[in-house]
Amino acid sequence: MLGNFSYSNPTKLYFGDDSLKYLSEELTRYGEKVLLIYGGGSIKKNGIYDQIVRMLSEAGKKVCEVPGVMANPTLEKLYEGAKVAKEDQVDLILAVGGGSVCDYSKAVSVSAYCEEDPWTKYFLRQEDPTCRIIPVGCVLTMVGTGSEMNGGSVITNHTAKLKIGKVFGPEVMPKFSILNPTFTYTISAYQMVAGFFDILCHICEQYFSGTDDNTSDYLAEGLMKSLIHSSRIAVKNPHDYEARSNIMWTATWALNTLIAKGKSTDWMVHMIGQSVGAYTNATHGMTLSAVSLPYYRHIMAAGLAKFKRFAVNVWEVDPTGKTDVDTAAEGLKAMETWMKGIGLVLSLKELGVTEEMFEGIADGTFILTGGYQTLTRKDVIDILKESM
Ligand code: NZQ
Ligand code: ZN
(Lines give C-alpha, C1' and ligand atoms only; values in the text may rest on other atoms or scores of the structure.)
(Ligands and ions follow the chains in the order given, each with its own letter.)
Protein backbone atom coordinates (compact mmCIF):
# COMPACT_ATOMS: atom_id res chain seq x y z
CA MET A 1 0.00 0.00 0.00
CA LEU A 2 1.83 3.08 -1.19
CA GLY A 3 -0.84 5.69 -0.47
CA ASN A 4 -1.41 7.75 2.68
CA PHE A 5 -4.97 7.90 3.92
CA SER A 6 -7.40 8.05 6.78
CA TYR A 7 -10.45 5.84 6.98
CA SER A 8 -13.68 6.10 8.87
CA ASN A 9 -17.27 5.56 7.87
CA PRO A 10 -19.99 7.15 9.99
CA THR A 11 -22.97 5.22 8.56
CA LYS A 12 -24.44 2.65 10.93
CA LEU A 13 -25.87 -0.35 9.10
CA TYR A 14 -28.65 -2.71 10.12
CA PHE A 15 -28.62 -5.78 7.89
CA GLY A 16 -30.94 -8.76 7.50
CA ASP A 17 -34.53 -9.77 7.02
CA ASP A 18 -35.63 -8.36 10.38
CA SER A 19 -33.56 -5.17 10.20
CA LEU A 20 -36.47 -2.75 9.78
CA LYS A 21 -37.32 -3.10 13.48
CA TYR A 22 -34.22 -1.02 14.29
CA LEU A 23 -35.82 1.99 12.62
CA SER A 24 -37.87 2.59 15.79
CA GLU A 25 -34.68 2.78 17.85
CA GLU A 26 -33.04 5.17 15.38
CA LEU A 27 -36.07 7.45 15.28
CA THR A 28 -35.70 8.20 19.00
CA ARG A 29 -32.43 10.04 18.25
CA TYR A 30 -34.05 12.78 16.16
CA GLY A 31 -36.68 15.50 16.62
CA GLU A 32 -40.35 15.00 15.86
CA LYS A 33 -40.52 16.25 12.25
CA VAL A 34 -39.61 13.67 9.63
CA LEU A 35 -39.52 14.20 5.87
CA LEU A 36 -40.31 10.89 4.17
CA ILE A 37 -38.84 10.77 0.65
CA TYR A 38 -39.62 8.00 -1.82
CA GLY A 39 -39.88 7.19 -5.51
CA GLY A 40 -42.61 6.52 -8.00
CA GLY A 41 -44.72 4.14 -5.99
CA SER A 42 -43.00 0.74 -5.73
CA ILE A 43 -42.98 1.01 -1.91
CA LYS A 44 -46.74 1.47 -1.88
CA LYS A 45 -47.25 -1.65 -4.02
CA ASN A 46 -44.97 -3.92 -2.01
CA GLY A 47 -46.15 -2.79 1.43
CA ILE A 48 -42.90 -1.19 2.68
CA TYR A 49 -44.58 2.24 2.79
CA ASP A 50 -47.32 1.02 5.14
CA GLN A 51 -44.83 -0.58 7.51
CA ILE A 52 -42.75 2.57 7.71
CA VAL A 53 -45.66 4.96 8.13
CA ARG A 54 -46.92 2.79 10.98
CA MET A 55 -43.53 2.90 12.70
CA LEU A 56 -43.29 6.68 12.27
CA SER A 57 -46.73 7.09 13.78
CA GLU A 58 -45.92 4.79 16.71
CA ALA A 59 -42.81 6.87 17.33
CA GLY A 60 -45.01 9.99 17.56
CA LYS A 61 -43.47 11.70 14.53
CA LYS A 62 -45.03 14.46 12.47
CA VAL A 63 -44.47 13.34 8.91
CA CYS A 64 -44.40 15.27 5.65
CA GLU A 65 -43.61 13.64 2.33
CA VAL A 66 -41.82 14.22 -0.96
CA PRO A 67 -42.98 11.36 -3.20
CA GLY A 68 -42.23 10.87 -6.88
CA VAL A 69 -38.45 10.98 -6.88
CA MET A 70 -37.67 9.73 -10.36
CA ALA A 71 -34.84 7.40 -11.40
CA ASN A 72 -31.95 9.78 -12.15
CA PRO A 73 -33.33 12.62 -9.98
CA THR A 74 -33.57 16.03 -11.58
CA LEU A 75 -32.54 19.49 -10.47
CA GLU A 76 -36.16 20.74 -10.57
CA LYS A 77 -37.14 17.97 -8.18
CA LEU A 78 -34.23 18.93 -5.91
CA TYR A 79 -35.53 22.51 -5.66
CA GLU A 80 -38.97 21.15 -4.73
CA GLY A 81 -37.61 18.90 -1.95
CA ALA A 82 -35.31 21.58 -0.53
CA LYS A 83 -38.26 23.96 -0.26
CA VAL A 84 -40.39 21.43 1.61
CA ALA A 85 -37.54 20.49 3.98
CA LYS A 86 -36.91 24.13 4.87
CA GLU A 87 -40.54 25.25 5.17
CA ASP A 88 -41.44 22.28 7.37
CA GLN A 89 -38.22 22.61 9.41
CA VAL A 90 -37.68 18.88 9.38
CA ASP A 91 -35.35 17.17 11.87
CA LEU A 92 -34.67 14.03 9.85
CA ILE A 93 -34.95 12.98 6.20
CA LEU A 94 -35.96 9.34 5.81
CA ALA A 95 -35.12 8.05 2.32
CA VAL A 96 -36.98 4.90 1.32
CA GLY A 97 -35.93 3.59 -2.08
CA GLY A 98 -32.96 2.97 -4.32
CA GLY A 99 -29.89 5.01 -5.13
CA SER A 100 -31.96 7.76 -6.72
CA VAL A 101 -33.98 8.34 -3.56
CA CYS A 102 -30.90 8.12 -1.30
CA ASP A 103 -28.83 10.43 -3.54
CA TYR A 104 -31.70 12.89 -3.79
CA SER A 105 -32.23 12.92 -0.02
CA LYS A 106 -28.57 13.79 0.55
CA ALA A 107 -28.85 16.60 -2.01
CA VAL A 108 -31.97 17.92 -0.23
CA SER A 109 -30.18 17.71 3.12
CA VAL A 110 -27.48 20.16 1.97
CA SER A 111 -29.72 22.34 -0.20
CA ALA A 112 -32.56 23.24 2.20
CA TYR A 113 -30.50 25.89 4.00
CA CYS A 114 -28.03 26.62 1.19
CA GLU A 115 -27.90 30.33 0.44
CA GLU A 116 -26.67 29.84 -3.12
CA ASP A 117 -27.97 27.77 -5.99
CA PRO A 118 -27.10 24.17 -4.99
CA TRP A 119 -26.46 23.11 -8.62
CA THR A 120 -23.79 25.78 -9.05
CA LYS A 121 -22.21 25.32 -5.63
CA TYR A 122 -22.19 21.55 -5.19
CA PHE A 123 -22.32 20.10 -8.68
CA LEU A 124 -20.65 22.63 -10.98
CA ARG A 125 -18.12 24.07 -8.51
CA GLN A 126 -17.89 20.81 -6.48
CA GLU A 127 -17.81 22.75 -3.18
CA ASP A 128 -18.64 21.36 0.23
CA PRO A 129 -21.62 22.53 2.24
CA THR A 130 -21.19 25.50 4.54
CA CYS A 131 -24.80 25.58 5.79
CA ARG A 132 -26.86 23.52 8.22
CA ILE A 133 -27.19 19.90 7.03
CA ILE A 134 -30.31 17.87 7.82
CA PRO A 135 -29.48 14.29 8.90
CA VAL A 136 -30.48 11.50 6.49
CA GLY A 137 -31.39 7.88 7.22
CA CYS A 138 -32.07 5.29 4.48
CA VAL A 139 -34.20 2.20 4.03
CA LEU A 140 -32.76 0.63 0.90
CA THR A 141 -35.03 -1.11 -1.63
CA MET A 142 -32.76 -1.42 -4.70
CA VAL A 143 -29.18 -2.62 -4.71
CA GLY A 144 -26.28 -1.25 -6.74
CA THR A 145 -25.15 2.30 -6.10
CA GLY A 146 -23.70 2.04 -2.59
CA SER A 147 -25.48 5.32 -1.84
CA GLU A 148 -26.60 3.80 1.47
CA MET A 149 -23.09 4.10 2.90
CA ASN A 150 -21.38 6.84 0.90
CA GLY A 151 -21.53 10.58 0.36
CA GLY A 152 -22.38 10.35 -3.35
CA SER A 153 -25.25 12.27 -4.86
CA VAL A 154 -25.90 12.39 -8.61
CA ILE A 155 -28.30 14.97 -10.04
CA THR A 156 -29.40 15.43 -13.65
CA ASN A 157 -29.90 18.87 -15.16
CA HIS A 158 -31.87 18.20 -18.35
CA THR A 159 -31.71 21.82 -19.50
CA ALA A 160 -27.91 21.79 -19.45
CA LYS A 161 -27.80 18.12 -20.58
CA LEU A 162 -25.49 17.32 -17.68
CA LYS A 163 -25.61 14.52 -15.12
CA ILE A 164 -23.09 15.28 -12.39
CA GLY A 165 -22.14 13.51 -9.17
CA LYS A 166 -20.79 15.16 -6.06
CA VAL A 167 -19.09 13.06 -3.41
CA PHE A 168 -19.87 14.76 -0.11
CA GLY A 169 -17.94 14.14 3.09
CA PRO A 170 -18.88 12.18 6.22
CA GLU A 171 -21.21 14.93 7.47
CA VAL A 172 -23.56 14.19 4.56
CA MET A 173 -23.32 10.39 4.55
CA PRO A 174 -26.43 8.64 5.89
CA LYS A 175 -26.50 8.45 9.69
CA PHE A 176 -27.96 4.97 9.39
CA SER A 177 -29.11 2.60 6.65
CA ILE A 178 -31.41 -0.37 6.89
CA LEU A 179 -30.60 -3.19 4.47
CA ASN A 180 -33.27 -5.85 4.24
CA PRO A 181 -32.54 -8.14 1.27
CA THR A 182 -36.20 -9.20 1.03
CA PHE A 183 -37.14 -5.57 0.25
CA THR A 184 -35.33 -5.98 -3.07
CA TYR A 185 -37.35 -9.01 -4.24
CA THR A 186 -39.91 -6.93 -6.16
CA ILE A 187 -37.37 -5.13 -8.39
CA SER A 188 -37.83 -5.92 -12.10
CA ALA A 189 -35.27 -8.24 -13.73
CA TYR A 190 -34.01 -5.31 -15.85
CA GLN A 191 -33.35 -3.04 -12.83
CA MET A 192 -31.94 -5.91 -10.80
CA VAL A 193 -29.23 -6.82 -13.31
CA ALA A 194 -28.51 -3.15 -14.02
CA GLY A 195 -27.77 -2.87 -10.31
CA PHE A 196 -25.54 -5.95 -10.46
CA PHE A 197 -23.48 -4.37 -13.20
CA ASP A 198 -23.29 -1.07 -11.34
CA ILE A 199 -21.66 -3.00 -8.48
CA LEU A 200 -19.11 -4.70 -10.74
CA CYS A 201 -18.37 -1.41 -12.43
CA HIS A 202 -17.78 0.40 -9.12
CA ILE A 203 -15.26 -2.25 -8.19
CA CYS A 204 -13.54 -2.12 -11.60
CA GLU A 205 -13.30 1.68 -11.46
CA GLN A 206 -11.24 1.32 -8.29
CA TYR A 207 -9.36 -1.83 -9.33
CA PHE A 208 -8.02 -0.72 -12.72
CA SER A 209 -5.39 1.70 -11.46
CA GLY A 210 -2.00 1.58 -9.80
CA THR A 211 0.90 -0.84 -10.06
CA ASP A 212 1.75 -1.51 -6.40
CA ASP A 213 0.77 -4.63 -4.49
CA ASN A 214 -2.27 -3.29 -2.65
CA THR A 215 -4.66 -4.97 -0.22
CA SER A 216 -7.52 -2.94 -1.73
CA ASP A 217 -7.12 -4.93 -4.99
CA TYR A 218 -7.39 -8.27 -3.16
CA LEU A 219 -10.57 -7.04 -1.44
CA ALA A 220 -11.90 -5.95 -4.84
CA GLU A 221 -11.24 -9.40 -6.33
CA GLY A 222 -13.09 -11.11 -3.47
CA LEU A 223 -16.09 -8.81 -3.87
CA MET A 224 -16.18 -9.40 -7.64
CA LYS A 225 -16.06 -13.19 -7.22
CA SER A 226 -18.91 -13.11 -4.72
CA LEU A 227 -20.99 -10.89 -7.00
CA ILE A 228 -20.43 -13.01 -10.11
CA HIS A 229 -21.29 -16.21 -8.22
CA SER A 230 -24.44 -14.86 -6.57
CA SER A 231 -25.67 -12.96 -9.65
CA ARG A 232 -25.90 -16.22 -11.61
CA ILE A 233 -28.09 -17.68 -8.87
CA ALA A 234 -30.23 -14.55 -8.45
CA VAL A 235 -31.16 -14.26 -12.14
CA LYS A 236 -32.50 -17.81 -12.02
CA ASN A 237 -34.23 -17.37 -8.67
CA PRO A 238 -34.69 -13.73 -7.59
CA HIS A 239 -36.03 -14.90 -4.22
CA ASP A 240 -32.84 -16.76 -3.29
CA TYR A 241 -32.14 -15.02 0.02
CA GLU A 242 -28.54 -16.17 0.23
CA ALA A 243 -27.68 -14.75 -3.19
CA ARG A 244 -29.64 -11.52 -2.79
CA SER A 245 -28.19 -10.86 0.67
CA ASN A 246 -24.63 -11.47 -0.54
CA ILE A 247 -25.19 -9.08 -3.42
CA MET A 248 -26.66 -6.42 -1.16
CA TRP A 249 -23.65 -6.58 1.17
CA THR A 250 -21.22 -6.63 -1.77
CA ALA A 251 -22.82 -3.51 -3.25
CA THR A 252 -22.35 -1.61 -0.02
CA TRP A 253 -18.66 -2.51 0.27
CA ALA A 254 -18.07 -1.88 -3.41
CA LEU A 255 -18.58 1.83 -2.94
CA ASN A 256 -18.25 2.92 0.66
CA THR A 257 -14.68 4.25 0.18
CA LEU A 258 -12.92 1.14 1.56
CA ILE A 259 -11.54 -0.39 -1.64
CA ALA A 260 -10.29 2.96 -2.95
CA LYS A 261 -7.93 3.32 -0.02
CA GLY A 262 -4.30 3.69 -0.96
CA LYS A 263 -5.14 3.98 -4.68
CA SER A 264 -5.88 6.42 -7.42
CA THR A 265 -9.12 5.51 -9.17
CA ASP A 266 -10.33 5.51 -12.76
CA TRP A 267 -14.11 6.30 -12.98
CA MET A 268 -14.07 6.90 -16.76
CA VAL A 269 -16.81 4.32 -17.44
CA HIS A 270 -19.01 6.33 -15.08
CA MET A 271 -18.04 9.63 -16.67
CA ILE A 272 -19.06 8.38 -20.13
CA GLY A 273 -22.09 6.51 -18.76
CA GLN A 274 -23.37 9.56 -16.89
CA SER A 275 -23.09 11.71 -19.99
CA VAL A 276 -25.05 9.06 -21.91
CA GLY A 277 -27.59 9.22 -19.07
CA ALA A 278 -27.94 12.99 -19.44
CA TYR A 279 -28.85 12.50 -23.11
CA THR A 280 -31.09 9.46 -22.83
CA ASN A 281 -32.23 9.21 -19.18
CA ALA A 282 -31.36 5.51 -19.53
CA THR A 283 -30.97 3.24 -16.48
CA HIS A 284 -27.60 3.98 -14.85
CA GLY A 285 -26.26 0.41 -14.75
CA MET A 286 -27.17 -0.17 -18.41
CA THR A 287 -25.28 2.94 -19.55
CA LEU A 288 -22.24 1.43 -17.85
CA SER A 289 -22.71 -2.05 -19.28
CA ALA A 290 -22.98 -0.65 -22.82
CA VAL A 291 -19.67 1.24 -22.67
CA SER A 292 -17.54 -0.93 -20.35
CA LEU A 293 -16.15 -3.56 -22.71
CA PRO A 294 -15.24 -1.10 -25.49
CA TYR A 295 -13.59 1.13 -22.86
CA TYR A 296 -11.60 -1.70 -21.28
CA ARG A 297 -10.53 -3.08 -24.67
CA HIS A 298 -9.44 0.46 -25.57
CA ILE A 299 -7.17 0.87 -22.50
CA MET A 300 -6.12 -2.77 -22.01
CA ALA A 301 -2.62 -2.33 -23.41
CA ALA A 302 -1.93 0.56 -21.01
CA GLY A 303 -2.81 -1.56 -17.96
CA LEU A 304 -1.93 -5.00 -19.28
CA ALA A 305 -0.56 -6.49 -16.05
CA LYS A 306 -3.76 -5.65 -14.16
CA PHE A 307 -5.98 -6.92 -16.97
CA LYS A 308 -4.08 -10.21 -16.93
CA ARG A 309 -4.49 -10.41 -13.15
CA PHE A 310 -8.24 -9.66 -13.55
CA ALA A 311 -8.53 -12.52 -16.06
CA VAL A 312 -6.71 -15.03 -13.86
CA ASN A 313 -7.94 -14.05 -10.37
CA VAL A 314 -11.52 -13.01 -11.12
CA TRP A 315 -12.51 -14.98 -14.24
CA GLU A 316 -10.27 -18.00 -13.58
CA VAL A 317 -8.61 -17.89 -17.00
CA ASP A 318 -5.69 -20.36 -17.23
CA PRO A 319 -2.66 -18.32 -18.44
CA THR A 320 -0.50 -21.36 -19.22
CA GLY A 321 1.11 -21.10 -22.65
CA LYS A 322 -0.66 -17.83 -23.49
CA THR A 323 0.70 -14.34 -24.04
CA ASP A 324 -0.32 -11.70 -21.51
CA VAL A 325 -2.42 -10.01 -24.18
CA ASP A 326 -4.28 -13.24 -24.95
CA THR A 327 -4.89 -13.97 -21.26
CA ALA A 328 -6.13 -10.42 -20.61
CA ALA A 329 -8.40 -10.51 -23.67
CA GLU A 330 -9.80 -13.86 -22.55
CA GLY A 331 -10.70 -12.26 -19.21
CA LEU A 332 -12.73 -9.56 -20.95
CA LYS A 333 -14.35 -12.22 -23.11
CA ALA A 334 -15.37 -14.12 -19.95
CA MET A 335 -16.80 -10.89 -18.57
CA GLU A 336 -18.78 -10.44 -21.79
CA THR A 337 -20.17 -13.98 -21.53
CA TRP A 338 -21.27 -13.28 -17.94
CA MET A 339 -22.86 -9.98 -18.98
CA LYS A 340 -24.81 -11.63 -21.79
CA GLY A 341 -25.80 -14.50 -19.50
CA ILE A 342 -27.44 -12.25 -16.92
CA GLY A 343 -29.19 -10.11 -19.54
CA LEU A 344 -27.31 -6.81 -19.63
CA VAL A 345 -27.54 -4.26 -22.42
CA LEU A 346 -24.38 -4.27 -24.51
CA SER A 347 -25.26 -1.60 -27.05
CA LEU A 348 -25.86 2.13 -26.71
CA LYS A 349 -28.33 1.91 -29.61
CA GLU A 350 -30.64 -0.08 -27.36
CA LEU A 351 -30.58 2.85 -24.91
CA GLY A 352 -31.65 5.34 -27.57
CA VAL A 353 -28.24 6.80 -28.42
CA THR A 354 -27.82 8.03 -32.01
CA GLU A 355 -24.64 9.06 -33.78
CA GLU A 356 -25.78 12.70 -33.75
CA MET A 357 -25.45 12.63 -29.94
CA PHE A 358 -21.75 11.62 -29.91
CA GLU A 359 -20.34 15.16 -29.90
CA GLY A 360 -22.66 16.27 -27.11
CA ILE A 361 -22.00 13.14 -25.03
CA ALA A 362 -18.25 13.71 -25.44
CA ASP A 363 -18.69 17.36 -24.37
CA GLY A 364 -20.47 16.20 -21.20
CA THR A 365 -17.82 13.57 -20.37
CA PHE A 366 -15.45 14.79 -17.68
CA ILE A 367 -11.94 13.45 -18.35
CA LEU A 368 -10.30 12.07 -15.21
CA THR A 369 -6.66 11.04 -14.93
CA GLY A 370 -6.52 8.35 -12.25
CA GLY A 371 -6.69 5.28 -14.52
CA TYR A 372 -4.17 3.60 -16.81
CA GLN A 373 -4.76 5.93 -19.74
CA THR A 374 -5.93 9.53 -19.99
CA LEU A 375 -8.54 9.66 -22.73
CA THR A 376 -8.66 12.30 -25.42
CA ARG A 377 -11.94 13.58 -26.82
CA LYS A 378 -11.30 11.39 -29.88
CA ASP A 379 -10.87 8.34 -27.62
CA VAL A 380 -14.29 9.06 -26.08
CA ILE A 381 -15.90 9.30 -29.53
CA ASP A 382 -14.18 6.07 -30.63
CA ILE A 383 -15.43 4.28 -27.51
CA LEU A 384 -18.96 5.55 -28.13
CA LYS A 385 -18.78 4.28 -31.71
CA GLU A 386 -17.56 0.88 -30.53
CA SER A 387 -20.40 0.79 -27.96
CA MET A 388 -23.14 1.01 -30.62
O1 NZQ B 1 -39.46 4.90 -8.07
P2 NZQ B 1 -39.92 3.55 -7.68
O3 NZQ B 1 -41.33 3.31 -7.92
O4 NZQ B 1 -39.49 3.18 -6.30
O5 NZQ B 1 -39.17 2.53 -8.71
C6 NZQ B 1 -37.77 2.34 -8.73
C7 NZQ B 1 -37.12 2.87 -9.99
O8 NZQ B 1 -38.01 2.95 -11.04
C9 NZQ B 1 -37.50 0.87 -8.82
N10 NZQ B 1 -37.41 0.21 -7.52
C11 NZQ B 1 -36.58 0.50 -6.50
N12 NZQ B 1 -36.75 -0.38 -5.50
C13 NZQ B 1 -37.73 -1.22 -5.91
C14 NZQ B 1 -38.16 -0.84 -7.19
N15 NZQ B 1 -39.14 -1.49 -7.86
C16 NZQ B 1 -39.71 -2.54 -7.27
N17 NZQ B 1 -39.33 -2.98 -6.03
C18 NZQ B 1 -38.36 -2.36 -5.33
N19 NZQ B 1 -37.98 -2.84 -4.13
O20 NZQ B 1 -36.26 0.73 -9.48
C21 NZQ B 1 -36.09 1.83 -10.36
C22 NZQ B 1 -34.66 2.32 -10.26
O23 NZQ B 1 -34.41 2.85 -8.98
P24 NZQ B 1 -33.15 3.82 -8.77
O25 NZQ B 1 -33.16 4.26 -7.36
O26 NZQ B 1 -33.17 4.87 -9.83
O27 NZQ B 1 -31.93 2.84 -9.09
P28 NZQ B 1 -30.47 2.86 -8.56
O29 NZQ B 1 -30.41 2.36 -7.17
O30 NZQ B 1 -29.68 2.16 -9.58
O31 NZQ B 1 -30.04 4.41 -8.52
C32 NZQ B 1 -29.62 5.08 -9.69
C33 NZQ B 1 -29.15 6.48 -9.37
O34 NZQ B 1 -28.00 6.47 -8.49
C35 NZQ B 1 -26.92 7.18 -9.09
C36 NZQ B 1 -27.18 6.98 -10.56
O37 NZQ B 1 -26.48 7.89 -11.36
C38 NZQ B 1 -28.67 7.17 -10.66
O39 NZQ B 1 -29.03 8.53 -10.68
N40 NZQ B 1 -25.63 6.70 -8.57
C41 NZQ B 1 -25.29 7.00 -7.30
C42 NZQ B 1 -24.05 6.70 -6.76
C43 NZQ B 1 -23.63 7.03 -5.39
N44 NZQ B 1 -24.46 7.58 -4.55
O45 NZQ B 1 -22.47 6.82 -5.05
C46 NZQ B 1 -23.03 6.02 -7.57
C47 NZQ B 1 -23.57 5.36 -8.78
O48 NZQ B 1 -22.51 5.17 -9.68
C49 NZQ B 1 -24.68 6.10 -9.46
O50 NZQ B 1 -24.16 7.11 -10.29
ZN1 ZN C 1 -22.55 3.50 -10.63
Side-chain angles (χ1 to χ4, degrees), residues 11 37-49 51 66-75 77-78 95-107 123 136 138-158 162-168 172-174 177 179-206 238-239 244 247-248 251-252 254-257 260 265-278 280-289 291-292:
T11 305
I37 295 184
Y38 54 96
S42 69
I43 65 164
K44 290 202 169 164
K45 284 192 208 117
N46 59 22
I48 297 171
Y49 175 85
Q51 290 183 62
V66 174
V69 177
M70 60 293 281
N72 311 317
T74 64
L75 183 59
K77 188 72 183 171
L78 172 59
V96 185
S100 293
V101 171
C102 298
D103 278 21
Y104 173 81
S105 298
K106 287 179 237 175
F123 297 93
V136 173
C138 302
V139 177
L140 194 67
T141 67
M142 153 87 198
V143 165
T145 63
S147 189
E148 66 276 14
M149 204 187 191
N150 70 36
S153 176
V154 184
I155 296 293
T156 301
N157 179 339
H158 283 297
L162 288 173
K163 181 176 184 183
I164 304 182
K166 161 77 182 161
V167 181
F168 291 101
V172 184
M173 289 162 75
S177 284
L179 311 184
N180 181 338
T182 67
F183 285 1
T184 69
Y185 284 172
T186 50
I187 295 166
S188 68
Y190 186 88
Q191 291 290 344
M192 178 183 78
V193 298
F196 293 173
F197 193 77
D198 196 19
I199 303 168
L200 186 90
C201 191
H202 293 159
I203 304 171
C204 287
E205 301 272 30
Q206 299 163 91
H239 286 218
R244 295 303 287 270
I247 295 169
M248 193 171 214
T252 302
L255 194 52
N256 69 0
T257 78
T265 48
D266 184 336
W267 292 108
M268 278 315 298
V269 174
H270 271 69
M271 292 304 103
I272 302 172
Q274 279 176 201
S275 193
V276 168
T280 58
N281 203 28
T283 296
H284 172 67
M286 294 306 189
T287 66
L288 308 175
S289 67
V291 301
S292 273

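Ligands are counted one by one from 1 in listed order, and the atoms in each one are counted from 1 as well.
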Proximal atoms of ligand 1 relative to Gly152 (non-hydrogen, under 4.0 Å): 44 (N), 45 (O)

Contact with ligand 1 for Lys163, non-hydrogen, under 4.0 angstrom: yes

Chi angles and distances behind the side chain to side chain contact (heavy atoms under 4.5 Å, CB included) call for Asn157, Ile164: CA-CA 8 Å; Asn157 179 339; Ile164 304 182; over 6 Å; no

Distance under 6.0 Å and angle within 45° of ring axis: Lys166 vs Phe168: yes

Backbone or side-chain N or O of Ser153 under 3.5 Å from ligand 1 N or O: no

Expected output: side-chain Glu205 to main-chain Met268 donor-acceptor under 3.5 Å: yes

Cation-pi check, Lys44 onto Tyr49 ring (under 6.0 Å, within 45° of axis): yes

Protein residue, atom and distance nearest to atom 45 (O) of ligand 1, heavy-atom basis: Asn150 ND2, 3.0 Å

Any donor-acceptor pair under 3.5 Å from Thr252 side chain to Met248 backbone: yes

Asp198 side-chain N/O to Ala194 backbone N/O, donor-acceptor pair under 3.5 Å: no

Closer than 4.0 Å: a protein non-hydrogen atom to atom 41 (C) of ligand 1: yes

Donor-acceptor pair between Ser147 and Asp103 side chains, under 3.5 angstrom: yes

4.0 Å protein heavy-atom contact status of atom 9 (C) of ligand 1, strictly under: no

Step-by-step side chain to side chain contact (heavy atoms under 4.5 Å, CB included) determination, Lys163 to Val154: CA-CA 7 Å; Lys163 181 176 184 183; Val154 184; 3.6 Å; yes

Modelled atom types, side-chain donor and acceptor of Asn281 and Asn72, under 3.5 Å: yes

Backbone N/O of Ala282 and side chain of Thr280: donor-acceptor pair under 3.5 Å: yes

Distance from atom 29 (O) of ligand 1 to nearest protein heavy atom, with residue and atom: Gly99 N, 2.7 Å

Residue portion contacting ligand 1 (non-hydrogen atoms closer than 4.0 Å) for Lys45: neither

Ala71: numbered ligand 1 atoms lying under 4.0 Å from its heavy atoms: 26 (O)

Sub-3.5 Å N/O-N/O distance, Ser188 and ligand 1: no

Angle subtended at the Zn ion (ligand 2) by His284 NE2 and His270 NE2, rounded to 10 degrees: 100°

Proximity to ligand 1 by part of Thr156, non-hydrogen separation under 4.0 Å: neither

Residue and atom name of the nearest protein heavy atom (relative to atom 2 (P) of ligand 1), distance in Å to one decimal: Gly40 N, 3.3 Å

Atom indices of ligand 1 within 4.0 angstrom of Asp103 heavy atoms, with elements: 34 (O), 35 (C), 40 (N), 41 (C), 42 (C), 43 (C), 44 (N)

Protein non-hydrogen atom found under 4.0 Å from atom 6 (C) of ligand 1: no

Test side chain to side chain donor-acceptor pair (under 3.5 Å) applied to Thr11 and Glu148, step by step: CA-CA 8 Å; Thr11 305; Glu148 66 276 14; over 6 Å; no

Minimum-distance pair of heavy atoms, taken over all atoms of Phe197 and Gly285: CD2-O, 3.8 Å

Pick from Asn72, Thr141, Val101: the one approaching atom 12 (N) of ligand 1 most closely through a non-hydrogen atom: Thr141

Nearest-contact summary for atom 34 (O) of ligand 1 - protein heavy atom, Å: Thr145 CG2, 3.3 Å

Selected option - heavy-atom contact closest to atom 30 (O) of ligand 1, from His284, Lys44, Met142: Met142

Any donor-acceptor N/O pair, Thr184 side chain to Pro181 backbone, under 3.5 Å: yes

For the Zn ion (ligand 2), the closest N/O/S atom belonging to Asp198: OD1

Short side-chain to backbone donor-acceptor contact, Lys77 and Met70, under 3.5 Å: no

Contact summary for Leu288 and Gly273, nearest pair of heavy atoms: CD2-CA, 4.4 Å

Contact check, Met70 vs ligand 1, heavy-atom distance below 4.0 Å: no

Nearest non-hydrogen protein atom, atom 16 (C) of ligand 1: Thr186 O, 3.3 Å

Atom indices of ligand 1, in the order listed, that fall short of 4.0 Å to a heavy atom of Leu255: 45 (O), 46 (C)

Pick from Gly273, Gly195, Ser100, Ser147: the one approaching atom 26 (O) of ligand 1 most closely through a non-hydrogen atom: Ser100

Numbered atoms of ligand 1 (with element) below 4.0 Å of Gly39, judged on heavy atoms: 1 (O)

Per atom 22 (C) of ligand 1, closest listed option by heavy atom (Met286, Met149, Gln191, Glu205): Gln191

Short side-chain to backbone donor-acceptor contact, Asn256 and Met149, under 3.5 Å: no

Phe183 neighbourhood, listing ligand 1 atoms whose heavy-atom distance to it stays under 4.0 Å: 19 (N)

Donor-acceptor contact below 3.5 Å, side chain Thr287 vs main chain His284: yes

Gly146 touching ligand 1 at heavy-atom level, < 4.0 angstrom: no

Closest protein heavy atom to atom 4 (O) of ligand 1, given as residue, atom name and distance to 0.1 Å: Ser42 OG, 2.7 Å

Where ligand 1 meets His202 - atom numbers and elements under 4.0 angstrom, heavy-atom basis: 46 (C), 47 (C), 48 (O)

Check: Pro238 main-chain N/O paired with Arg244 side-chain donor or acceptor under 3.5 Å: yes

Region of Asn46 that comes within reach of ligand 1 [heavy atoms, distance under 4.0 Å]: side chain

Those atoms of ligand 1 less than 4.0 Å from some heavy atom in His270: 48 (O)

Close N or O approach (Val154, ligand 1; < 3.5 Å): no

